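Since the structure comes first, as structure tokens, the remarks are kept for the end.
Predicted, not measured: the structure shown is a model, and the values here were computed from it.
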Amino acid sequence: MTEHHLLPSVDTVHWGYFDATQAPALVVKSGDTVTIDTVTGTPNTVPDRSKFHVPPALDEIFAGLKPEGPHILTGPVYVEGARPGSVLEVRIKDVSIIQDWGFNIIVPKLGTLPHDYDEMVYNNIPIDQARKVGIMPWGLELPLRPFFGVMGLAPPKGWGRISSIAPQSMCGNLDNKELIAGSTLYIPVFNEGGLFSCGDGHGCQGDGEVNVTAIETALRGTFEFIVRDDLSFTWPRAETPSHHITMGMDPDLDQCAITALREMIALLGEKSGLSHADAYMLCSLAGDLHITQTVNGNKGVHMMMEKKNFQL
């Protein structure tokens with residue numbers, strides 16, 4: 001096992017898209033650990049530089065790259081042995097905030113209430129890294145629970161370059177607040193090497209991410225990548241120390257819920273040998289459907305089931 005550190009720069013980020021033809025920023029072996037630093041924002045979201053630290057890489061990226069979407073993504077990481085039809089297991093070992101500010105914006109025509117605002121509303125949110133709180137404009141201190149809004153692989157080559165906005169089967173903009181340090185994400189692979197990228201750092205977020213942003217900030221994540229040839233499925237899955245998680249993404253929330261439910265029924269069958277009817281019953285009695293987000297074109301629903309319920 002080898003440890004790597006990937007820093008953001010004009011040569012190691014892509015701004016607003018996923019693309020299977022993009023050259024890797026780093027090549028690693030299955031079992032390697034990679035620490036990845038990310039940045040976020042636009043020139044208009046940078047706060048007063050005399051009061052807050054602005055990562056130098058951010059200015060270099062602003063000057064050197066043209067945005068094709070909202071997310072500055074560090075990567076991609078090519079994992080040797082990953083191939084179409086396999087699954088990349090991404091163990092999220094650590095997530096930390098690496099700057100003293102974040103921001104939240106309300107954007108007209110976006111979010112769950114797209115027509116309630118005619119002008120953009122911007123708020124800078126100071127971050128107390130020692131106390132791990134974000135300080136809201138009226139003084140409320142929100143506990144921080146950092147995670148990456150975007151973690152994903154490259155899509156099939158035939159899709160061409162796609163926006164980073166809508167989550168897909170290769171993950172991307174999941175905005176799933178359960179994917180904190182200690183959790184594991186399982187992503188279907190569509191290209192040699194998988195091509196993993198991450199960004200859209202969140203200091204904290206509620207289920208739904210209703211106004212289209214969280215506390216957007218810069219994060220450092222440490223990931224262990226493991227190629228799983230023994231797994232094969234269509235939609236991403238995840239687990240925390242206590243729960244298994246299945247996911248559905250679609251413009252229709254009903255279809256999101258149906259997919260997340262069907263995936264959990266399948267997972268219960270795979271791990272516990274339950275019949276479809278027994279697994280369906282258990283999901284009704286002990287499974288929890290959560291609205292992941294309602295703002296990314298493809299909305300998201302995830303189902304959580306305690307691991308103890310998989311024991312026969």
Point to revise | Ser197 (side chain) donor-acceptor with Leu73 (main chain) under 3.5 angstrom | key: no
Check your understanding: Regarding Asp288 and His290, is there a side-chain donor-to-acceptor distance under 3.5 Å anywhere?
Key -> no
**Study point:** Short side-chain donor-acceptor distance under 3.5 Å, Asp32 and His4
**Key:** yes
**Study point:** Side-chain ion pair, Arg228 and Glu89, N-O less than 4.0 Å
**Key:** yes
Point to revise | Between Thr240 and Ser183: side-chain donor-acceptor atoms closer than 3.5 Å | key: no
Exercise for review: Walk me through it: do Asn176 and Thr292 pass the test side-chain hydrogen bond (donor to acceptor under 3.5 Å, both in side chains)?
Suggested key: CA-CA 6 Å; Asn176 189 323; Thr292 321; 4.8 Å; no
Check your understanding: What closest approach, in Å, do Leu267 and Arg237 show between heavy atoms, and which atom pair accounts for it?
Key -> CD1-NH1, 3.3 Å
Exercise for review: Without swapping roles, check the side chain of Asp175 against the backbone of Gln293 for a donor-acceptor pair under 3.5 Å.
Suggested key: no
Exercise for review: For the residue pair Phe148 and Phe223, categorise the inter-ring angle as parallel (less than 30°), tilted (30 to 60°) or perpendicular (more than 60°).
Suggested key: tilted
Review point. Just by distance, do the side chain of Glu306 and the backbone of Lys308 share a donor-acceptor pair under 3.5 Å?
Key: no
Review point. Where do Pro188 and Leu153 come nearest, in terms of heavy atoms and distance?
Key: O-CD1, 3.4 Å
Practice item. Can you measure from CD1 (Ile165) to OH (Tyr17) and round to the nearest 0.5 angstrom? Key: 14.5 Å
